[in-house]
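Before any comments, here is the structure.
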Amino acid sequence: MLKNYLKIAFKVFLRRKFFTFISLFAISFTLVVLMVAVSFLDHVFGAQPPETKLDRTIGVFHLQMKSPDDNNTWSSPGGYKFFDRYARNLPGVEIMSLLTDTFDGGKVYSYLDGNKIESYLKHTDGEFWRIMEFTFLEGGPFTSDDEKNANFVAVINEATRKKFFDGQSALGRTLEVDGQRFRVVGVVANVPYLRTIPFADIWVPISTMKTQAYKNQLLGGFNALFLARSKADFPMIKEEFQSRLKQVEFDDPKEYNRMIGYAETLFEFMSRPLTNSRQEEPAKVGRALATIFIIMILFMLLPAINLVNINISRIMERASEIGVRKAFGASSWTLVGQFIVENVLLSLIGGAIGFVLSRFVLRAITESGFFPYADFQLNYRVFLYGLAVAVFFGLMSGVYPAWKMSRLHPADALKGVAR
Amino acid sequence: MIKHLLKLVWNRKRINFLITVEIFFSFLVVFAVLVFAVYYTDNYRQPLGFNYENVWSVTLDMKSASTPGSRESDKQQQFATIKNMLAGLREFSEVESAAGIWGIPYWSGDWTGDREINGKGKDFEIGFNEATDEVKDVLGLNIVRGRWFGKEDDGATNYRPVVINQLMARTFFGDEDPIGKDISNPKDKERVEQRVIGVVDDFRKGGEFSAKRGYVFHRNDLASEKVSPPRSLIIKVRPGVTAAFEEKILARLQAEARDWSFDIKPLAQMREANFQEYLVPMAAFGLIAGFLLIMVGLGLTGVLWQSVTQRTKEIGLRRAKGATRRRIYRQILGELFIITTIGLLAGVLVVVQFPLLNFMGFANSRVYAISAAISLALVYLLTTICGLYPSRLATRVQPAEALHYE
Amino acid sequence: MTSQATASTTSANGAQTSTANMIQLEGIEKVYRTDRIETVALSDINLSVRAGEFISIMGPSGSGKSTLLNVIGLLDVPTGGKVSVNSKPVTSYGDKHLARVRNEEIGFVFQTFHLINDLSVVDNVEIPLLYRKGLSGAERRKLALRALDRVGLHARVHHFPSQLSGGQQQRVAIARAIVGNPRILLADEPTGNLDSQMGDEIMGVLKGLNDDGATIVMVTHDPRQSEKTERIVRLFDGRQVS
Ligand SMILES: Nc1ncnc2c1ncn2[C@@H]1O[C@H](COP(=O)(O)OP(=O)(O)O)[C@@H](O)[C@H]1O
Ligand SMILES: [Mg+2]
């Protein structure tokens, strides 16, 4: 019977090319947009190398100092002195790492044979390489001792190796950036630009900064990362961090006497603008997720209504066919079966087209170079969810009216009574 | 005729309802995208207030706690270094002029505030900047009244000279002459007079797509306690100077301060990045909305087509009773027009709530009105296009076909 | 009125006992209700059709002929009364059971053909066989071709309905009605949309089927055609007048 259903379904698709085209267009287009959106979120927030332990990682990405009368606020990434003095040894934290914010003054220049080379430089410590799992193409990370002894060593990415060393082995060779010379100890695979925490072209020890002024700053330029023993320790870490904030000794308490900030996941931090939550309050993840979800639902609403419309039209058009089939012995269930097969098949074909198109679009975005070192991947799980939604709508919109119609007496169906 | 059409629409209310809902949502989608498009186009057509061509920026990273709490001696040291740098830069024959400024155009960092003076300026956003005397030449600012900062301001000790933009002048002083007026914030406890000495064109630091707003330049004399070292230097280079000159600049600056870092970039390049930031999301959303519309259009065509096929008998009957082809054509399009209008009415009802709820609050009612008008036109156009083929199909129905269906 | 004709059909499938009533209607009533109007389409119809009989139903337009045929063909349920087909009390049957009876016992020919435009001629004819278990595709095709042969349409099997003339379409419809070898053939004005020559041809086909043992009920308002049948039932305003 199924073979028969399939055969009939294909015949119907071919004879009703326009309707088939619209349905396929709606389904595949909706899936493509969903897939690109989800891939983007996944690319920015998903756990992928080097951030493989993202589920256990929490950080401090922004701090604020307030004046006694609350009129002045100084807001910036945290300072080395603050983290070094107050954020170490939080309970539940296995590893803590400090790193400069690549996008806050991390852009540096080198001049090589009269050509200007632009790179992003990140200052960090030995622990950074233990929280992150970089793929080393050669050599290895620098160590905590390198950081302690201010050794001028650097880990570079593949793209930098290409620019400076023509892709040849770079181990032990030196490169000059921003007027300083570093010896290369490791080369890693490129990290996407949108992975804002680990991203850089060149990683060097903090202690190689041009001046040691950073050691006296409560605010300025640094992020802290904490690798927790488990996700369950997050609340404890967050709480302890709040109590640490109260212990801060200020340089001039008349000017600034209060420190505000949160230990939070990257998603919590990045979702703040979405929920309009100010830096002074904890991030509202629930609301951020709900907002994203609602936007997606709203977006899918129009294609869904469209699909329902088309399907109802299709069924009405075939009222007389339903009547005929009933007159010659099809039971209601047989007919419903036919429409289920038709709609599921159509959704699946639309899904397949959407799948191919999504990969194509993602590849195009990746290769456009608009987001440096990006590699947008199709998220198969989400794709299946999307497909399930498409099938669901196909069923709801196609089978429900068909079922109602099949319940009609054939005489009425033949007259096309159903409106 | 209208009454007759309304009756037809009502009798087919179930399928028409779905079309109405679809049109309603399409309108909202088009409207949302258009509000942004109209808003940005509107901004783009305003004068920019400065000239970015052949201007290079050098952002300074002084690698020290250059914070409000830093020690005064540190600051004086930095002032001296920057003065030397500017003097050094001016020696190059490639350089027309060089200046120091807190916030360079197109930079995303911002310094804003608001103030109410004599009941005016409530909820009026003002941007601030601190500029040295040469900024006027480097950015080609156009003085429409009074004058820009100069040596004659060195003697100003009991007040701070400021230059404001035209929008600011109009908002606070209307037709009055703003020169000599005080614009300091009445709420400030230790308030120092801020005396307007000049008015410039509507300077927009945020670039072509940013909104017009009030603007205040403070003078940076690279000396007094009240000002901080500029974040950036801006240099006007002679036309035809190439990027190779950057290395020379860098060497010169590095010679003044070995431990500082410098980020050299032509403003034109920052402008391009700034454009991308606005246009890429716009293009992405526009593309999605466009595809959504195509999809809705196709769907609508399909539904209308089917409805014409289904109504062959009715149409044939009308033809048999003497309705002309033209009349049938008008009837089908007329029905569609009614359905579209109902959906759009609902959409407009929702959209007029936006300004009241301050949803998408960045746009003013003019932008709303234009966007709504264009969206209405677009959706009408879309439904008409979708209706053309099916109604043509309807006119081809022969009177005999009415009989054919018994 | 049923006193005439003591069943002398040349029954090809001889198993059929001639005295059995193929179709039996008792006190059939059909009322259509809409928001405002109530139409009595049929009232108190009592009718028996014996196996192998060929009867016609006549009456002015709107007198309930189609409704009556739909009730007999189980396409519509009466609001009152009892229907038996081949001695089965179908009034009490559920959807699945009804579908089975429609499939095995009854073949329907509509005035407006009601062919499925998306399917080719032979696919249209195969439809009743699709809902019958245990038939392979090849067997279905063979039976469909044989039925088309019987109505004289073997040359047009891969055309689509829109490519055929009205008479040809009606012959396809008849082929579809007889392909499952039903014992009852119901035809609603099968010649109504055709010119008289074409109508005569169709009539000839029906007559041949009746000779092979099919019980036929035909609605018509063409006296020339009804004369060729064994018995005429007349309706007026939903009532049986003879
Ligand atoms: N679905 C329906 N709803 C309401 N009235 C109907 C319906 N179908 C038929 N009728 C009415 O029933 C009566 C008989 O119709 P019908 O059997 O089609 O007549 P005819 O003898 O011309 O075939 C007519 O008055 C018709 O208006
Ligand atoms: Mg009739």
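In what follows, chains are A, B, ... by sequence order, proteins preceding strands, each numbered from 1.
Side-chain atoms of A:D201 come within 3.5 Å of backbone N or O of A:Y120 as a donor-acceptor pair. At distances below 3.5 Å, at least one donor-acceptor pair connects side-chain atoms of B:Q254 with backbone N or O atoms of B:R258. Side-chain atoms of A:S76 do not come within 3.5 Å of backbone N or O of A:L219 as any donor-acceptor pair. In this structure, B:K265 contributes its side chain and B:S57 its backbone to no donor-acceptor pair below 3.5 Å. With hydrogens and angles ignored, the 3.5 Å screen pairs no side-chain donor or acceptor of A:T102 with any backbone N or O of A:K122.
In this structure, the portion of A:L301 lying under 4.5 Å from any heavy atom of chain B is its side chain and not its backbone. For B:S307, no part lies near chain A; criterion is any non-hydrogen pair under 4.5 Å. Residue B:F24: no heavy atom, backbone or side chain, is found under 4.5 Å from chain A. A:E118 touches chain B through its side chain: at least one heavy atom from C-beta onward sits under 4.5 Å away, while N, CA, C and O do not. With a 4.5 angstrom heavy-atom cutoff, B:T59 does not touch chain A via any of its atoms. When heavy atoms are compared at a cutoff of 4.5 Å, A:I312 approaches chain B solely by way of its side chain, counted from C-beta outward. With a 4.5 angstrom heavy-atom cutoff, B:L250 touches chain A only via side-chain atoms. Within the 4.5 angstrom heavy-atom criterion, atoms from both the backbone and the side chain of B:E22 approach chain A.
The aromatic rings of A:F29 and A:F25 sit parallel to each other, their planes meeting at less than 30°, with 60° as the upper class boundary. Using the six-membered ring where Trp is involved, B:Y389 and B:W305 have ring planes that are perpendicular, over 60° apart on the 30 and 60° scheme.
Looking at every heavy atom in both residues, B:A394 comes nearest to B:I332 through CB-CG1, 4.0 Å.
The residue among A:I310, A:N309, A:I22 with the most heavy atom pairs within less than 4.5 Å of chain B is A:N309. Of the listed residues (B:L292, B:V296, B:I288), the greatest number of heavy-atom pairs within a distance under 4.5 Å of chain A belongs to B:L292. Chosen from B:M295, B:Q276, B:E246, the residue pairing most often with chain A at heavy-atom distances under 4.5 Å is B:M295. Listed options A:V36, A:N306, A:V108 were ranked by heavy-atom pairs under 4.5 angstrom with chain B; first place goes to A:N306. No other option in A:I305, A:L302, A:V32 has as many heavy-atom pairs under 4.5 Å with chain B as A:L302. By number of non-hydrogen pairs under 4.5 angstrom with chain A, the leading residue of B:I264, B:L300, B:L287, B:L28 is B:I264.
Ring centroid separation for the pair A:Y80 and A:Y214 comes in under the 6.0 Å cut-off.
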